[in-house]
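Worksheet for the structure shown next.
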Amino acid sequence: MPEIQLPASLQDVEAVRSVRTPARLDYTFTPGDATSRFLAGITQKKIIGQQANPDSRVYVPARGADPELGAATPIEVEVAQVGTVTSFCVVNLQFYGSGMEIPYTSALILLDGADLSIMHLIQEIPADQVRIGMRVEAVWRDDADIEPTLESIKWFRPTGEPDDVNVRIPGEIRGTGLGSWVGGVAPTELTVRNPRTGEGGTAEFGGEG
Amino acid sequence: MTDQTEAGEILSAPLIIEYPFKRTTGPIIGAFLTGLREQVLVGSKAEDGRVIVPPAEFDPVSGNDLTELVEVGPEGVIATWAWVTAPHAKHPLDDPFAWVLVTLDGADTPMLGALKADGIDAVSTGARVKPVWAEEREGHIDDIAHWVLVDDADEGDRA
Amino acid sequence: MGKERVAVVGIGQTKHEATRGDVSVAGLLREAAGRALADAEMTWSDVDAVVIGKAPDFFEGVMMPELFLADALGCTGKPMFRVHTAGSVGGSTAIVASQLISAGIHERVLTVAFEKQSESEAMWALSLPIPFTPPLHAGAGGYFAPHVRSYIRRSKAPDHIGMLVALKDRQNGLKNPYAHLHEPDITFDSIKESMMLWDPIRYAETCPSSDGACALVLGSEKVADEAAAQGRQPAWIQGTAMRSEPTLSAERDTVLPLGGALCAADVYKQAGITNPRKDVDAVEMYVPFSWFEPMWLENLGFAEPGEGWKMTEAGATALDGDLPVNMSGGVLCTNPIGASGMLRFGEAAMQVRGTAGDHQVDSVRKAVGHAYGGGSQFFAMWVVGKDKP
Amino acid sequence: MRDIAVISFAQTPARRSVPELNEVEMLMPAVHGALEQVDMTIDDIGFTCSGSTDYLAGTAFSFVSTLDSVGPWPPIQESHVEMDGAWALYEAWVKLQLGEIDTALVYAYAKSSPGDLPMVLTRQLDPITVGPLWADSVSLAALQARSLLDSGKATEADMAEVVARSRKDALGNPNAQLAWDRSAEDILAEEYHIAPLRKSDCAPITDGAAAIVLAAGDVARSKVKRPAWIRGIDHRVEPIHLGLRDLTISASTSIAAGKAGVADGKVDIAELHAPFSHQELILKEAIGLGDDTTINPSGGALAANAMMTAGLIRIGEVATRISNGEADRGVAHATSGPCLQQNLVTVLEGEN
């Protein structure tokens with residue numbers, strides 16, 4: 001750090017080392033078409049998936065584009081309010097903006113009829129009993145408290161059905177996953193089905209819609 | 001399967017990005033802010049001899065460290081200005097005012113400030129100005145409450 | 001038209017701390033950049049262009065902060081460029097900088113990546129609540145922990161692997177004077193007893209929030225040859241690669257992402273690496289949560305599926321193992337987010353230059369730097385070597 | 001250098017606000033349009049690069065979700081700059097110079113409408129000595145305009161002429177947001193907004209997106225009849241503090257124009273990214289354009305100014321006019337930062 005030469009008037013006073021510069025910006029947020037349509041379903045206690053074409057993936061919630069095709073998702077499909085836990089973590093720490101009592105379980109849940117898991121809470125079961133493959137169902141807020149937000153589903157709870165041991169976990173092929181090197185050989189783009197050309201992919205996974 | 005329903009009313013909600021950022025100043029900018037608290041204005045001497053205000057930590061041409069701080073001002077002249085007819089709530093002054101770039105006495109580069117003046121016709125390039133200090137100062141650019149024309153100094157001080 | 005050769009001829013980084021209260025943002029960058037220039041025996045005026053990288057601007061609350069930092073980085077009248085590819089940005093920034101030379105546009109490029117997280121706080125900047133958007137129930141750890149659980153399930157790895165990684169990296173960090181966390185008393189048991197934040201991730205298995213910067217001076221073949229002639233070993237860039245995939249798509253694998261493997265395969269091909277485990281002497285990979293070491297070992301071709309954790313358990317990734325990983329202590333010791341990727345790339349270069357000090361591995365000829373970002377979806381890698389490509 | 005050309009360009013109609021779409025939804029027609037014009041999909045693209053900034057809409061990592069617009073699956077080679085898309089195009093041009101790939105997709109987008117744009121832009125300024133004053137972008141531009149007027153190099157009437165011509169030309173641009181036919185006298189009769197600027201001197205606030213496809217050599221020739229070849233491209237920056245610059249000139253633009261080779265031939269058209277009328281006058285001089293160059297036939301930024309996008313659009317506008325035979329050689333300029341702090345100049349040319 002170079003030596004600083006101060007004018008006489010500042011040599012014997014306490015130096016400022018930090019400064020508070022609070023700043024606030026106000027925005028008006030609008031969520032867009034796909035999210036608005038999804039949330040319109042939520043206000044009717046329906047979970048509406050969207051897809052780009054009748055053969056493509058069903059996304060819940062869709063965010064505006066099928067991310068594999070790069071296309072809008074105009075088609076709406078109601079999916080089930082039950083699904084399977086594909087993974088989860090147990091949270092033991094109070095987080096910014098979260099009013100949850102700890103410990104609680106945050107899980108990836110693949111709803112029946114959807115192709116991508118949503119992240120949501122699991123309750124009504126001790127955290128240490130949550131399992132991958134467990135079947136769960138949505139628990140809604142009281143009707144008066146339903147708002148256009150996924151938080152209108154308070155949490156998911158076990159249905160009591162047997163676990164789905166064959167739950168489809170995305171990417172679980174090639175031994176352990178899409179990005180595995182098998183026998184020292186790297187995967188290639190052809191490991192997965194190209195959604196535009198239909199080429200690539202394996203019989204194990206990828207041919208389906 | 002249903003067809004896409006006509007999107008109804010567009011959802012909308014406020015989004016506020018707000019934080020009390022705490023910035024470390026380093027020694028040069030720290031000295032500038034210290035000066036504001038003490039009602040002293042300082043600049044840094046660049047390699048070409050120019051005095052830069054607010055002080056640059058690094059030579060604006062070569063990028064080398066600058067280390068010599070010198071006292072400047074407190075008066076200066078307007079290098080350029082802009083008249084704000086309808087101030088924004090975030091602006092430093094509530095009534096119509098002028099943004100000014102002020103070249104302080106002893107400085108070679110001007111600094112930005114808000115000038116309180118009677119109207120657009122009162123402001124001109126080359127006019128002399130001086131700072132009006134905030135009553136409570138903490139080492140912040142807001143320690144200069146605003147600037148006033150030297151001729152209008154008395155009126156400015158009262159305001 | 002071909003590619004010109006490029007080498008790292010100067011490396012600098014700051015002392016990383018939770019709060020660098022002694023320097024401004026500009027001063028922080030210059031601490032790293034000044035050291036890199038000194039290492040390259042150059043001054044600010046020798047630099048043709050500057051490439052800056054950092055993660056989201058909300059961290060410092062300055063929009064496109066490179067604009068206000070331009071003169072601090074000696075950019076007046078020069079080209080200045082700003083890259084942002086989420087957590088991989090430190091790596092991709094170095095790659096973009098190297099391409100300015102390999103394309104034949106410049107001879108000497110300074111690249112700097114930084115984050116001064118203490119100006120705000122990471123939890124705020126990374127989890128601004130957006131209306132109508134489901135919240136991350138548990139921050140970044142809550143996003144990654146389920147994927148770690150999926151890895152454990154697939155690979156049948158025993159519970160203690162993550163703790164072994166944390167212990168190794170924290171002990172490596174003790175040898176790195178620039179590292180943020182220096183925990184001389186850390187033990188396997190102290191990690192085990194630390195709080196389980198996001199089961200299966202413990203507190204001691206997570207990265208800190210740091211203020212810090214890293215800078216590299218990249219030179220053309222002519223510049224690097226001159227450095228070599230003066231006894232300063234260049235780190236020759238033998239390959240660079242980037243890959244991206246979507247955050248939330250139905251088919252993608254969030255544990256071992258296809259993009260990560262494609263990125264590795266691409267960069268190895270350029271560098272003439274046919275057997276990564278054998279041909280690579282040292283690796284700095286982006287491990288913000290301990291379990292990512294075995295995951296990336298598999299994703300980057302160092303281990304067969306489900307076998308990555310066995311390398312960790314056997315000590316293969318230790319400083320004296322056959323494939324040292326995160327010699328610097330890695331992201332687990334130091335995490336100024338925007339700079340974290342460049343620190344990986346810089347450490348790889350230090351290893352081949354033989355300038356890594358107490359964390360130097362013997363006779364490194366080829367080293368890999370790796371960074372990832374977003375929801376394990378953006379990847380940047382380079383291979384640097386003692387030999388001209 | 002390797003011959004690289006702009007082979008397609010698409011933009012969304014500029015609008016003050018696009019509240020019914022999120023960023024990816026707004027962007028998709030531009031990306032898809034640029035690809036479809038040359039009968040390509042993402043599978044035909046070697047490298048993708050985008051430009052955007054988080055602060056405009058207030059959401060961090062916005063580029064992460066907008067990447068979905070291209071369908072990056074299987075994974076792609078891709079990068080992002082927190083800069084105007086013109087710089088994303090620069091990165092793609094550099095990547096193409098390496099000779100490994102022949103095509104690149106560049107896109108940019110911005111929704112400025114969710115925030116208070118002139119105030120959002122104050123967050124670019126020195127966060128300690130200037131930021132807390134909330135000196136908005138229009139106020140800073142007005143300081144520059146006053147400097148220019150004081151220097152005697154231009155008058156308010158000159159500025160009004162720029163406004164009148166730009167907005168009239170915008171009548172021929174279907175994507176323009178502000179287009180009208182009014183005289184300079186009429187504009188001068190307006191009240192000041194932030195003196196010496198009138199509202200008409202200022203660019204509108206715009207939501208919008210744009211995309212360009214670049215291709216090298218024979219690939220470009222095989223896709224379009226008359227590719228717009230990039231003959232030179234360079235960018236330079238200056239200090240952010242206005243006090244450290246002569247505001248009546250644009251020194252960085254002059255350097256970039258020199259390096260890009262603007263003076264090596266006749267310039268038929270120029271698209272200058274001048275969000276304020278007086279800045280066109282400064283840029284015209286800095287680039288060295290004569291009166292025989294048609295400036296901003298699209299209406300320029302005064303007709304539509306999507307942040308992070310308007311610079312890329314300038315390149316697209318010039319390229320389109322070269323490809324359709326309206327011009328043989330043109331200059332596109334992009335700017336960033338307060339009062340023309342950072343500038344990029346591209347020279348484009350058609351083959352006869």
Heavy-atom pair of closest approach, residues [X] and [Y]:
| X | Y | value |
| --- | --- | --- |
| C:D71 | B:F58 | O-CB, 4.4 Å |
| B:P14 | C:P131 | O-CG, 3.5 Å |
| C:F58 | B:F21 | O-CE2, 3.7 Å |
| C:A26 | B:E57 | CB-OE2, 3.8 Å |

query = Picking from C:G61, C:G74, C:A70, which has the most non-hydrogen pairs under 4.5 angstrom with chain B?
reply = C:G61

task = Pick whichever of C:S120, C:G77, C:G21 has the most heavy-atom pairs under 4.5 Å with chain B.
result = C:S120

request  = State the CG-OG1 distance between B:D59 and C:T76, to the nearest 0.5 angstrom.
outcome  = 8.5 Å

ask   = Hey, what do you get for CZ (B:R23) to OG (C:S24), rounding to the nearest 0.5 Å?
value = 11.0 Å

Evaluate whether atom [atom1] of [X] has more than 12 neighbouring non-hydrogen atoms of other residues, nucleotides or ligands under 6.0 angstrom away.
| X | atom1 | answer |
| --- | --- | --- |
| C:Q230 | CD | yes |
| B:D48 | CG | yes |
| C:K15 | NZ | yes |

ask   = So what's closer than 4.5 Å to chain B heavy atoms on C:T43: side chain, backbone, both or neither?
value = neither

Side chains of B:N64 and C:W44 in contact at under 4.5 Å (non-hydrogen atoms) = yes

ask   = What part of B:L11 is in contact with chain C, defined as an atom under 4.5 angstrom from a non-hydrogen atom: side chain, backbone, both or neither?
value = both

request  = Check for a donor-acceptor pair, side chain of B:T24 on one end and backbone N or O of C:D22 on the other, with a separation under 3.5 Å.
outcome  = no

